[in-house]
Participant: 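Before anything else, here's the structure in question.
Predicted model, so just to flag it, every value in this text is computed and none were measured.
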Amino acid sequence: MNWLHTWSGFIFAWLLYFIFITGSAGYFENEIDRWMQPERVVVQKPMDDADILAMGTRQLSQSADDASQWYISFPSSRDPYIGISWLQPADASKGTVRQWLDRHLHPDSGDIIKARQTSGGETLYRLHYTLYYMPLQLGYILTSAAAMLMLIALISGVIIHKKIFLEFFTFRTGKGLRSWLDIHNIFSVLPLPFHLMITYSGLMLLMTVTMAKVIDATYGEGEQKHRQFYSAAQAELTTEQVISMSAAQLSPEAALTDAKNRYANLPVSYVGILARGTENQQIEVWFASQRSIEFASMLSYREQDGQVVMSLSEGKAGAAARVYDVLEHLHEGLFADIYLRWLYFICGLLGAGMIATGAIMWLKKRLAKGPDSAGCTLRRLASINAGMIVGIPVAIACYFASNRLLPFDMALRAQWELHCLFIGLLLSIGLAVCSATQSVWRNLCWLAAVMFGLLPLLNALTTKHNLLVSLIQADWLMLGFDLCMLVFSAAFVLLAIRLSKTTAATLSGDDVTRPL
């Protein structure tokens with residue numbers, strides 16, 4: 001069982017570490033979006049929902065009159081601004097492709113705000129299962145394989161450590177590998193329920209990729225057959241009723257009024273208009289319900305035989321789909337408030353720490369056999385390991401820095417933000433390989449400290465936001481982001497100082513007997 005735990009953990013260790021770091025950042029994707037588009041204007045005072053709807057539809061009529069679908073987003077605690085989105089049709093004469101576009105509106109004038117193009121927090125979150133620079137299907141398969149090995153490592157780890165919960169309360173400093181094992185146990189046991197949940201649910205969310213042959217056996221091969229499966233799997237359980245509204249009265253404003261009368265205590269999240277200009281046009285009104293793990297309630301209005309039919313979505317129709325829905329909500333934390341999101345985030349970082357300490361121990365055990373047995377390859381591997389573990393946080397700091405430094409109207413600006421992320425990772429690995437073994441970890445930690453520490457300064461120099469202004473304006477999202485960057489910087493400073501005092505030989509393997 002020992003070999004199973006060791007190899008299942010190390011084979012995909014770097015990929016799993018990348019997945020945990022980027023996935024953890026995704027729990028604050030809305031807040032990251034806000035920081036990466038500082039031009040967005042926060043709604044400072046309460047606005048009437050009807051005024052927001054009128055503002056959104058007026059702007060959509062001017063900007064996207066040919067779109068078949070419109071959505072208007074209402075201010076919320078996590079997204080305190082007004083947004084519009086639409087499905088742009090393909091038009092060869094205009095050189096446009098079919099895609100979703102979104103913009104934000106100024107709450108006073110209703111005009112579209114000119115904001116920088118950015119990959120934002122959502123793309124950073126998507127990295128943890130798409131992996132970028134590769135076909136989407138391959139990214140899903142690699143992520144699923146890593147999750148499966150992670151699940152094996154978790155279960156086998158519990159089995160081989162018979163006193164794992166007792167060892168959780170034990171930490172022995174200055175004991176070399178024993179100290180690293182104690183840290184590894186703490187990072188593993190404290191968030192163990194989270195690790196099991198996040199790994200298993202991640203596997204289930206990608207099962208349509210990893211188990212595609214099962215779908216083929218039931219529905220048949222090909223895209224059309226697979227669409228039949230997805231339609232059946234995602235079918236909603238709805239109740240319908242004819243309401244006392246004439247077909248001539250049906251409009252987004254009337255639908256919003258009726259929906260608010262039914263859910264007076266719930267805030268409106270979205271109003272959507274689908275199949276615009278056709279006889280199948282329908283209007284959706286979404287509410288943020290926050291009931292248990294449910295994320296939203298949706299009412300739909302459409303004309304049928306001269307009457308208005310209202311449909312209420314009550315969740316997925318099938319039992320399997322409901323289980324899938326629960327796992328999706330648990331995995332993504334869609335229902336979580338600010339405190340639970342922080343708990344998710346911290347547990348994710350502990351998972352990354354568990355993987356990092358496991359990889360360090362694996363290398364140290366082999367380097368402990370002596371310089372002659374270690375060889376050049378193993379030492380290079382130890383340097384690359386340092387470059388990956390510290391380099392991924394450095395890469396994310398580069399991602400944020402590029403958002404402030406790249407030209408505002410640069411072509412392919414959003415894509416270049418992601419390029420900067422991976423360039424930062426490659427440079428970190430290069431620095432690790434070129435550094436002296438004794439200083440590699442220390443140098444990387446100082447680099448990470450500088451990168452994160454510069455972000456609030458870059459924010460102040462390139463935008464109208466800074467720590468003082470955010471505090472005065474009670475702009476807690478911008479303030480919180482800058483403060484978090486300073487906390488990360490301080491953490492790397494403390495680690496670099498610690499390494500300066502004890503040298504990095506413990507991590508690099510030069511002197512495996514040196515205390516932690």
Side-chain angles (χ1 to χ4, degrees), residues 1-27 29 122-160 184 187-188 191-214 324 327-328 330-333 344-345 347-363 381 384-393 395-396 418 421-422 425-426 428-429:
M1 191 63 72
N2 251 320
W3 69 268
L4 179 63
H5 176 75
T6 300
W7 286 101
S8 63
F10 188 76
I11 288 174
F12 277 82
W14 294 339
L15 177 57
L16 282 167
Y17 182 76
F18 178 83
I19 289 171
F20 265 81
I21 293 290
T22 53
S24 298
Y27 291 120
E29 61 176 308
E122 182 180 359
T123 302
L124 186 61
Y125 164 75
R126 288 182 181 276
L127 280 179
H128 92 283
Y129 61 93
T130 61
L131 306 183
Y132 211 61
Y133 295 127
M134 64 179 63
L136 198 60
Q137 196 85 351
L138 179 58
Y140 290 159
I141 292 172
L142 287 174
T143 303
S144 296
M148 178 60 74
L149 288 173
M150 175 73 175
L151 189 61
I152 293 171
L154 286 172
I155 296 172
S156 58
V158 173
I159 293 172
I160 64 176
H184 183 70
F187 287 168
S188 303
L192 182 59
F194 173 83
H195 291 160
L196 290 170
M197 178 277 292
I198 210 72
T199 306
Y200 180 75
S201 59
L203 277 172
M204 292 299 101
L205 294 182
L206 292 175
M207 65 181 178
T208 53
V209 176
T210 55
M211 301 182 183
K213 292 301 180 183
V214 178
Y324 185 93
L327 291 174
E328 181 181 23
L330 285 173
H331 187 89
E332 298 183 4
Y344 265 70
F345 179 75
C347 287
L349 293 187
L350 289 173
M354 173 187 66
I355 296 162
T357 53
I360 291 170
M361 284 193 300
W362 187 89
L363 287 165
L381 192 61
I384 295 172
N385 186 55
M388 288 295 296
I389 291 175
V390 186
I392 290 174
I396 293 176
L418 281 171
L421 184 150
F422 289 100
L425 177 58
L426 289 176
S428 298
I429 295 172

Participant: What's the shortest heavy-atom distance between Leu205 and Leu327, and which atoms?
Facilitator: CD2-C, 4.4 Å
Participant: For a quick test of reading the model, state the closest non-hydrogen atom pair linking Phe345 to Tyr27 and the distance between them.
Facilitator: N-CD1, 4.2 Å
Participant: Are more than 12 heavy atoms from other residues, nucleotides or ligands located less than 6.0 Å from atom CE of Met148?
Facilitator: no
Participant: Set out, in order, the CA-CA distance, both residues' side-chain angles and the distance that settles side chain to side chain contact (heavy atoms under 4.5 Å, CB included) for Leu206 and Ser144, then state yes or no.
Facilitator: CA-CA 7 Å; Leu206 292 175; Ser144 296; 3.4 Å; yes
Participant: Angle class for the Phe194/Tyr344 ring planes (parallel below 30°, perpendicular above 60°, tilted otherwise)?
Facilitator: perpendicular
Participant: Given side chain to side chain contact (heavy atoms under 4.5 Å, CB included), test Leu330 with Tyr200 step by step and report yes or no.
Facilitator: CA-CA 11 Å; Leu330 285 173; Tyr200 180 75; over 6 Å; no
Participant: Can you give me the closest heavy-atom contact between Leu16 and Ala147, atom names plus distance?
Facilitator: CD2-N, 4.4 Å
Participant: Could you tell me how the ring of His195 sits relative to the ring of Phe20: parallel (under 30°), tilted (30 to 60°) or perpendicular (over 60°)?
Facilitator: perpendicular
Participant: When rounded to the nearest 0.5 angstrom, what is the spacing between OG1 in Thr130 and CD in Gln137?
Facilitator: 13.0 Å
Participant: Which value, rounded to the nearest 0.5 Å, describes the distance between Leu154 atom CG and Leu149 atom CG?
Facilitator: 11.0 Å
Participant: Report the C-alpha separation of Ile355 and Trp14 in whole Å, then their side-chain angles, then the decisive distance to 0.1 Å, and conclude whether the side chain to side chain contact (heavy atoms under 4.5 Å, CB included) test is met.
Facilitator: CA-CA 8 Å; Ile355 296 162; Trp14 294 339; over 6 Å; no
Participant: Considering non-hydrogen atoms only, spot the tightest contact between Thr22 and Ile19 and give its length.
Facilitator: OG1-O, 3.4 Å
Participant: If every non-hydrogen atom of Gly139 is compared with every non-hydrogen atom of Thr143, which pair is closest and at what distance?
Facilitator: O-OG1, 2.8 Å
Participant: Quick check for you: to the nearest 0.5 Å, what is the distance between Met150 atom CE and Leu196 atom CG?
Facilitator: 8.5 Å
Participant: Please work out whether the ring planes of Tyr125 and His128 are parallel, tilted or perpendicular, with thresholds of 30° and 60°.
Facilitator: tilted
Participant: Could you go through the side chain to side chain contact (heavy atoms under 4.5 Å, CB included) check for Leu131 and Tyr140 one step at a time?
Facilitator: CA-CA 8 Å; Leu131 306 183; Tyr140 290 159; over 6 Å; no
Participant: If you take all heavy atoms of Leu124 and Ala25, which pair is closest and at what distance?
Facilitator: CD2-CB, 3.8 Å
Participant: First locate atom OG of Ser428, then atom CD1 of Ile392, and finally report the distance between them rounded to the nearest 0.5 Å.
Facilitator: 9.5 Å
Participant: Measure the spacing between CD1 of Ile429 and CD1 of Ile389 and express it to the nearest 0.5 Å.
Facilitator: 11.0 Å
Participant: Where the side chain of Thr357 meets the backbone of Met354, is there a donor-acceptor pair that is under 3.5 Å apart?
Facilitator: yes
Participant: Could you give the distance from CG (Leu363) to CD1 (Ile360), rounded to the nearest 0.5 Å?
Facilitator: 8.5 Å
Participant: I'd like to check Glu29 versus Thr123 (side-chain heavy atoms, cut-off strictly below 4.5 Å). Are they in contact?
Facilitator: no
